[in-house]
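The structure under discussion appears below in the form of structure tokens.
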Amino acid sequence: MPSPFIVAALGMLVLTILDSFIKSLAGTYATFQIVCLRFAFGALWASAIVAYSGHSLPPAARMKAHMARAALMIVTASGFFYALGKVPLAELFAISFTAPIFTAIFGAVFLKEKVLPSIMIAIAAGFAGMLVIVLGPTEGGGLRLAYEPFALFCAVISPITYALAIVLLRSQASSEPMSVIISVQSAMVALAVSPLAIATFEPPTVVDWAKFAIAGLLGTTGYFAFTHALKHLTAARFSVVEYTGLIWASLIGYFIFNEVPKSTVWAGAALIIAGCLLAVRAKSEGKALPEAS
């Protein structure tokens with residue numbers, strides 16, 4: 001099995017590909033329909049794994065934690081998916097890179113994790129890379145185009161709820177199988193937003209049904225990778241991996257959506273890569289969580 005850091009980075013790649021599928025659907029379907037179908041298919045894929053592995057559903061005492069994370073996932077996914085239809089993929093990822101800062105902070109506050117100096121420097125390097133991208137001038141020296149205010153709000157708020165969800169996921173990963181966590185929480189998200197999805201439902205084409213099914217599979221695969229990595233990495237170190245998403249987003253945005261990344265994107269990416277390499281070299285990472293049975 002590859003190192004947890006590599007597994008997390010591959011999970012980030014898979015989830016970035018997922019975001020490209022969502023972006024291609026965002027112009028046709030309402031946000032809540034996209035959220036509902038993405039998580040409904042995700043629940044089906046994860047439930048098949050649960051059935052195959054023979055795991056049982058979590059006891060009632062643990063359902064509060066599942067419901068809390070499902071609520072955070074609804075806010076995160078709805079906000080991020082809405083913004084995907086309004087903001088270039090690479091720039092949206094740059095905005096979302098406040099999440100690792102909150103992940104490290106929440107990990108320290110709620111999980112009592114020690115944030116090592118090397119990890120703090122790695123996070124700072126990644127955050128500096130984000131600032132280069134967001135605050136850098138355009139190629140022509142003019143002002144940036146303004147985004148729709150609500151889309152910008154969604155882009156800013158979703159990293160905060162995402163960071164809380166990641167910290168909660170790490171605490172759950174020590175006591176429950178990955179497949180159970182993903183299947184239960186995906187089903188909760190799909191059921192919770194289904195009334196809003198039905199109210200704005202647009203029948204998908206055959207091709208788009210396939211996209212939703214693939215999106216569910218990608219989401220399930222990505223979160224399997226994340227859950228595995230979070231058993232062995234502190235929230236702070238895991239947060240640095242997420243900066244690699246900018247590289248994947250820039251490449252996908254360019255080749256799929258004809259979004260040409262500005263030179264500042266690559267300058268920021270260099271800082272992001274430096275932060276990731278520094279995190280990999282960190283010697284002491286705190287105690288890993290035990291495997292879930």
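Keep in mind the model is a prediction, meaning the values are calculated, not measured.
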- Message: If you define the side chain from C-beta out and look only at heavy atoms, does anything of S186 sit under 4.5 Å from F41?
- Response: no
- Message: Could you go through I74 and V35, starting from their C-alpha distance and side-chain angles, then the distance that decides it, and tell me whether this counts as side chain to side chain contact (heavy atoms under 4.5 Å, CB included)?
- Response: CA-CA 8 Å; I74 290 172; V35 173; 5.6 Å; no
- Query: So, the side chain of R69 versus the backbone of A165: is there a donor-acceptor pair under 3.5 Å, distance only?
  - Reply: yes
- Message: Using every non-hydrogen atom in the two residues, find where L92 and A83 come nearest and quote the distance to one decimal.
- Response: CD1-CB, 3.8 Å
- Task: Using modelled atom types only, decide if a donor and an acceptor are shared between the side chain of K211 and the backbone of I22 within a distance under 3.5 Å.
- Result: no
- Message: To check you understand the geometry: which heavy-atom pair defines the closest contact between A26 and G85, and what is its length?
- Response: CB-CA, 3.8 Å
- The reported gap from OG1 in T31 to CG in L25 (rounded to nearest 0.5 angstrom) is 11.5 Å
- Message: Determine whether a donor-acceptor pair (N or O, by modelled atom type, separation under 3.5 Å) exists between the side chain of T76 and the backbone of M73.
- Response: no
- Evaluate the side-chain proximity of F80 to D19: yes if any heavy-atom separation is below 4.5 Å, no if none is. yes
- Query: Residues in ring-ring contact (aromatic ring centres under 6.0 Å, His included) with Y29, at least two apart?
  - Reply: F212
- Task: Say whether L168 and I166 are linked into one hydrophobic cluster, either directly or through other cluster members, by side-chain heavy-atom distances under 4.5 angstrom.
- Result: no
- Would you confirm whether S24, through its side chain, and F21, through its main-chain N or O, come within 3.5 Å as a donor-acceptor pair? yes
- Message: If you compare all heavy atoms of G222 against all heavy atoms of V14, which two are closest, and at what distance to 0.1 Å?
- Response: N-CG1, 3.9 Å
- Query: Is I256 linked to W248 within one hydrophobic cluster, defined over Ile, Leu, Val, Met, Phe, Trp and Tyr using a side-chain heavy-atom separation of less than 4.5 Å?
  - Reply: yes
- Query: Taking the side chain from K23 and the backbone from L84, do they hold a donor-acceptor pair closer than 3.5 Å?
  - Reply: yes
- Query: Is it true that I49 and L218 fall in one hydrophobic cluster, defined by side-chain heavy atoms closer than 4.5 Å?
  - Reply: yes
- Task: For the pair L18 and R38, evaluate side chain to side chain contact (heavy atoms under 4.5 Å, CB included) and give the outcome as yes or no after the intermediate values.
- Result: CA-CA 10 Å; L18 160 66; R38 173 262 180 267; 4.1 Å; yes
- Validation row: Q33, P204 side chains within 4.5 angstrom (heavy atoms): yes
- Query: Is the number of heavy atoms from other residues, nucleotides or ligands within 6.0 Å of CZ (F257) greater than 12?
  - Reply: yes
- Other than I6, what residues sit in its cluster of Ile, Leu, Val, Met, Phe, Trp and Tyr side chains whose heavy atoms are under 4.5 Å apart, directly or through others? L10
- Message: Restricting to non-hydrogen atoms, name the atom on H55 and the atom on S179 that form the minimum distance, rounded to 0.1 Å.
- Response: ND1-OG, 3.6 Å
- S96 vs S158 side-chain heavy atoms within contact, under 4.5 Å: no
- Query: I181, M63: one ILVMFWY side-chain cluster at the under-4.5 Å cut-off?
  - Reply: no
- Is the shortest heavy-atom distance from the side chain of P58 to the side chain of V180 under 4.5 Å? yes
- Parallel under 30°, tilted from 30 to 60°, perpendicular over 60°: which one fits the rings of Y223 and F226? perpendicular
- Message: Just so I know, are the side chains of S47 and L44 near enough to count as touching, which here means a heavy-atom distance under 4.5 Å?
- Response: no
- Task: Please determine, by modelled atom types, if E176 and H66 share a side-chain donor-acceptor pair under 3.5 angstrom.
- Result: yes
- Test item: T220 side-chain N/O and G42 main-chain N/O as donor-acceptor pair under 3.5 Å: yes
- Message: Hydrophobic clustering (ILVMFWY, side-chain heavy atoms < 4.5 Å, transitive) - are L196 and F39 grouped together?
- Response: yes
- Item | Exam field: side chain W45 to backbone I214, donor-acceptor pair closer than 3.5 Å | no
- Mind checking whether L13 and I17 have side chains closer than 4.5 Å, heavy atoms only? yes
- Can you check side chain to side chain contact (heavy atoms under 4.5 Å, CB included) on T16 and F93, steps first, answer last? CA-CA 9 Å; T16 309; F93 265 75; 3.8 Å; yes
- Message: Looking at A30, is its backbone amide N or carbonyl O close enough to the side chain of E202 to form a donor-acceptor pair, meaning the two atoms are under 3.5 Å apart?
- Response: no
- Whether over 12 other heavy atoms sit under 6.0 Å from F201 CZ: yes
- Item | Minimum heavy-atom distance F106-I160, with the two atoms named | CE1-O, 3.8 Å
- Can you name the closest pair of heavy atoms from V7 and P2 and give their distance? CG2-O, 3.8 Å
- Message: Please enumerate all residues that pass ring-ring contact (aromatic ring centres under 6.0 Å, His included) together with F81, with sequence neighbours excluded.
- Response: none
- Task: Spell out, as yes or no, whether a donor-acceptor pair under 3.5 Å connects the side chain of E259 to the backbone of L89.
- Result: yes
